[in-house]
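Okay, structure first, notes after.
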Amino acid sequence: MRYAQVVFDNVAFARGYKPGWGFAAVIRGYSKTVLFDTGSVGDTLLSNMLTLNVSPSEIDAVFISHTHDDHIGGLHAFLRANHRVEVFLPEDVAIGTVVAIDEAGALPTVLVSEGEILPGIGTTGTLGKRPSEQGLVLAGNGAATLITGCAHPGVGKLITAARESLGLPVKLVIGGMHLGQSSRRKILALSRTLKDLGVEQVAPSHCTGETGIQILSESFGNGFIDSGLGRRIQLV
Ligand SMILES: [Zn+2]
Ligand SMILES: [Zn+2]
């Protein structure tokens, strides 16, 4: 079974985990196991992974959506637990970060354009500026899942790039959608855009905000997946 499990989030789903500001998820069911982002605090990330029975040594690759601390802050603690990984980074990553990853014994790879990076797994390519951000694209049966960190470039733009990445329509979007400051009208417009782009399911958390989550839940109905720390989400 292919799934994403949320291992770091400020939004709670299940009891027994340590919440923290940020987002991270483990992707399982492909030939390589991927950690998407690392949350803000390494100890919290590692503690939640332990609770969820995910050993750091199982992770083959780390994918960093963007360089805000709540997504990359836990990276160095993770690399101390397992440095035998490739770390996929967005275009505007600081050179000091690339050097530190290399010195930790891991393999840094900066991604610019969209396409496949591991079997069945792709990037949207780096979009936007300050911060630039990339989304993770996961191939399924004739469709794909997109995972976003904060979706700073806009969820719509990330979905369009995700479709180009693996040539599959995006049916499920998981992650932060950065709607904390957005008006109801803007959130409703986004929800219509998502549906126009063919999205059938959403699993928002992190920086989506309570209003954003509530409106997406109302407008997607059965296609809304209640997400948050500890949640395991089946991929399309
Ligand atoms: Zn951010
Ligand atoms: Zn964030």
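As the structure lists them, so they are numbered: ligands from 1, and atoms in each ligand from 1. Only heavy atoms go into these numbers, but all of them, side chains included; no hydrogens, no water, no symmetry mates.
- Thr38 contributes a side-chain N or O that, together with a main-chain N or O of Leu75, makes up a donor-acceptor pair within less than 3.5 Å.
- Looking only at N/O/S atoms, Asp70 comes nearest to the Zn ion (ligand 2) through OD2.
- Not a single N/O/S atom of His178, whether from backbone or side chain, sits less than 2.8 Å from the Zn ion (ligand 1).
- Figure legend: cation-pi geometry between Arg28 and Tyr3 absent, as NZ or CZ is not positioned both under 6.0 Å from the six-membered ring centre and within 45° of its axis.
- Geometrically, Lys195 engages Phe220 in a cation-pi contact, judged by NZ or CZ lying under 6.0 Å from the ring centre and within 45° of the ring axis.
- The N, O or S atom of His206 with the smallest distance to the Zn ion (ligand 2) is NE2.
- A distance-only check finds a donor-acceptor pair linking the side chain of Thr126 to the backbone of Leu111 [under 3.5 Å].
- The NE2 atom of His66 and the NE2 atom of His152 meet at the Zn ion (ligand 1) at an angle of about 100°, given to 10°.
- The distance from the Zn ion (ligand 2) to the nearest N/O/S atom of Cys207 is not under 2.8 Å.
- Among the atoms of His71, an N, O or S atom falls under 2.8 Å from the Zn ion (ligand 2).
- Nearest N, O or S atom of His68 to the Zn ion (ligand 1): atom ND1.
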Evaluate His71 against Phe23 for side chain to side chain contact (heavy atoms under 4.5 Å, CB included), listing each step before the verdict.
CA-CA 6 Å; His71 296 263; Phe23 186 75; 3.9 Å; yes
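- Taking 4.5 Å as the limit, some side-chain heavy atom of Cys150 sits within range of a side-chain heavy atom of His66.
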